[in-house]
Structures are given as C-alpha cells and as structure tokens.
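Remarks on the structure that follows.
Naming convention: chains lettered A, B, ... in sequence-line order (proteins, then strands); numbering from 1 in each chain.
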Protein chains: 2
Amino acid sequence: MGSMRATDTDRIPPHPEVAAVTLQQVLDALVDPVRRSIVTQLADATADIRCGDFDLPVSKSTATHHFRILREAGLIRQHYAGTSRMNTLRRSEVDAVFPGLLDALVNADRAAAVSR
Amino acid sequence: MGSMRATDTDRIPPHPEVAAVTLQQVLDALVDPVRRSIVTQLADATADIRCGDFDLPVSKSTATHHFRILREAGLIRQHYAGTSRMNTLRRSEVDAVFPGLLDALVNADRAAAVSR
DNA sequence: GTCAAAGCTTGACGGCCATCGTACTTCCGG
DNA sequence: CCGGAAGTACGATGGCCGTCAAGCTTTGAC
C-alpha cells in the first residue's frame, strides 16, 4: 500500500466516556504521585502540554505508561501535533461525573507544595 | 505486678493529628475498596460502629489491618467500649485539612452503589 | 475462677504495579 | 532522502500490599 498520512484517530487509542469509568479506576489513577503531578501541572496550565514538557522524575517509557493510565481513566485527552502528543485535562467532563473530586485533590496537592 | 485496669489510651495506639498526615497517606488509605466501604458506612451512620458490625468481605485479621491504616491516616477515631472497639469518622477534622475530599468520595461511592 | 467473645500480632504467601532498558515507529527538518 | 526527535511497545525485575491462618491478650458474663 502507498504511504498514508495517519490521522489523530489512528495514532491515539480511543478515549473512554467519563461516565463509563468507575471511581475505583479514577482513584487507582490518582493515587500515584507521578500521575497526580501530571494532573496538577495540567490544572495549573493555561494551554495543552506536550508529553515531553512535563517535569517528571521517571524515564520516558514510564511516563508513557502513566499517560496511558490517565487517558484510560478518562482524566486526560490526548491528540497529536506533529510528533508531539498534547495533553489536556478533561476537567468539565470529570467534574460532571465526580463532582468536587478534582478540585479537592488539586487544591490539596497545591497546599502540600506550599507547606513543603 | 498486680492487675491494672487498662485505660483506653493504653489499649489504642495514638491517633495522629490530621494536619500531620500527607495527602498521599490519605489517598493510599482511600484507594482500597474495603477501606472506602468502611468510611462510607461510617459516613452514613448516625452513631459509632463496632469493628465487628461492619459489613466487610474479608477475614477478621484483614479487617484489623484496614482499621489500622485508616486510623494512621487520620480518617477514623477508635475507642474501646468493653471488649468492643468503636469507630468514628473524623469528618470535621479531615474536612478542615482536605476540604471537599471526603464529600466527593463518599458521594461518588453512593452514586456508584445506586447505579450498580 | 472459668470461658467465650472481640480483636490484635505475627509470619507467610501471592499478585499486582511502577520502573527501566531496548528496540521499534512515525513524523518533521534540512 | 536521511537523520534525529518524540513516543510507544515489550519483556524483565523488584518491591510493596492485601489476604489469611494460627496463636495470644484482654475483657465481660455467669
């Protein structure tokens, strides 16, 4: 077959509906400090963040693993821009299904960062 | 040594100040479904609950383990009444340090119980 | 004083998960 | 067209944690 330009949909695995995600899945995702750091950095940002631009204390392959967990938990949305994978926090969608949860966690993380 | 009547303080290990507990510790405690069930049952109750009166799918020794994790995370308070260990949710104290967290989790758990 | 009830402690075991290195894929720049 | 950059995929590994059974301690009841 000739060379075909891959669409975003081809290169990024499907995102679940947040309503189809269990609380257990969300907590399993957010209990890890690295993943919580990703969420917090996204919550503090004004624009999407490239995978490689996060400040993370793990290897690249481990980071990929964490992004996948977050995506499958319905917490982030990913799309390609060139070779870069961009990440957005699915804030309103998550808030609709788990009211107050993200706010409580992000605020608690911020407070911990201040007192530390 | 003559027989001495043990006080509550003797028999129950010390409770931490909630302010001295980290968010990580709280999340580690609440990510386990058995422990979250304990917290939810306490949140729904009007009075303290005896350890043995919880509806839990694990053995007694495992339950003891879970109660310890919750106590050390500052989430529950324990005191003796005879041979029974009573449990209370430290709601106001936890709310003061982690605003909205308990509400979000308990409500999400309740919603999951309904739709299930 | 004796016995059962309630719960804790300890040790062992099994499974899951975060982590990494390596190899591979895809795309952009020159 | 080719090299590098950005990520992913795939084992392999190590540690942590939930689980249980067995034995012990304390208490209250009779």
| request: Using a cut-off of strictly less than 4.0 Å, decide whether B:Arg11 has a side-chain nitrogen or oxygen near OP1 or OP2 of D:dT25. | output: no

| said: I want to check something: taking the side chain as every heavy atom from C-beta on, are B:Leu42 and B:Leu75 in contact at a cut-off of under 4.5 Å? | reply: no

| task | Verify the contact: side-chain N or O of A:Arg50 to OP1 or OP2 of D:dA6, cut-off strictly under 4.0 Å; return yes or no. | result | yes

| field | Separation of D:dG18 P from A:Leu27 CG (nearest whole Å) | value | 14 Å

| query | Given the rule in the salt bridge (Lys or Arg N to Asp or Glu O under 4.0 Å) test, do A:Arg35 and A:Asp28 qualify, once you have shown the distances and angles that lead to the verdict? | reply | CA-CA 10 Å; A:Arg35 291 194 286 266; A:Asp28 284 335; over 6 Å; no

| query | Rounded to whole angstroms, how far apart are OH on B:Tyr80 and C1' on D:dG28? | reply | 13 Å

| message | Just verifying a value: how many Å separate A:Thr88 OG1 and A:Gln78 CD, rounded to the nearest 0.5 Å? | response | 9.0 Å

| said: Using a heavy-atom cut-off of 4.0 Å across all strands, would you classify A:Ser61 as base, sugar-phosphate, or nothing? | reply: base

| said: Between C1' on D:dA22 and NZ on B:Lys60, what's the gap in Å once rounded to a whole number? | reply: 12 Å

| request: Answer yes or no: does a side-chain N or O of A:Arg68 lie under 4.0 Å from OP1 or OP2 of D:dG7? | output: no

| request: Could you tell me whether the side chain of A:Thr62 has a donor or acceptor atom within less than 3.5 Å of a complementary atom in the base of C:dA18? | output: no

| Nucleotide D:dT8, atom P - distance to NE2 of A:His79 in whole Å | 13 Å

| Could one point to a donor on the side chain of B:Thr83 or the base of D:dG28 with an acceptor on the other under 3.5 Å away? | no

| query | 5'-most contact on DNA chain D: A:Phe67 or B:Pro57, nearest heavy atom basis? | reply | A:Phe67

| request: Starting at atom CE of B:Met86, determine the distance to atom P of D:dT27, rounded to an integer number of angstrom. | output: 17 Å

| said: Tell me whether the side-chain N/O atoms of B:Arg85 come closer than 4.0 Å to OP1 or OP2 in C:dA6. | reply: no

| field | B:Val58 side-chain proximity, nearest of D:dT27, D:dC20, D:dG7 | value | D:dC20

| message | Checking the side chain of A:Gln24 only, and the main-chain atoms of B:Val31 only, is there a donor and an acceptor separated by less than 3.5 Å? | response | yes

| field | Atom pair distance, as rounded to whole Å: NE2 in B:His65 and P in C:dC13 | value | 18 Å

| Roughly how far, to the nearest 0.5 Å, is CG of A:Asn87 from CD of A:Gln41? | 10.5 Å

| Taking atom C1' of D:dG7 as reference, at what distance in whole Å does atom CZ of A:Phe54 sit? | 14 Å

| request: Name the nucleic acid region contacted by B:His66, choosing base, sugar-phosphate or nothing; use a 4.0 angstrom heavy-atom cut-off, strictly under. | output: sugar-phosphate

| field | Atom pair distance, as rounded to whole Å: CG in A:Asp32 and P in C:dC16 | value | 18 Å

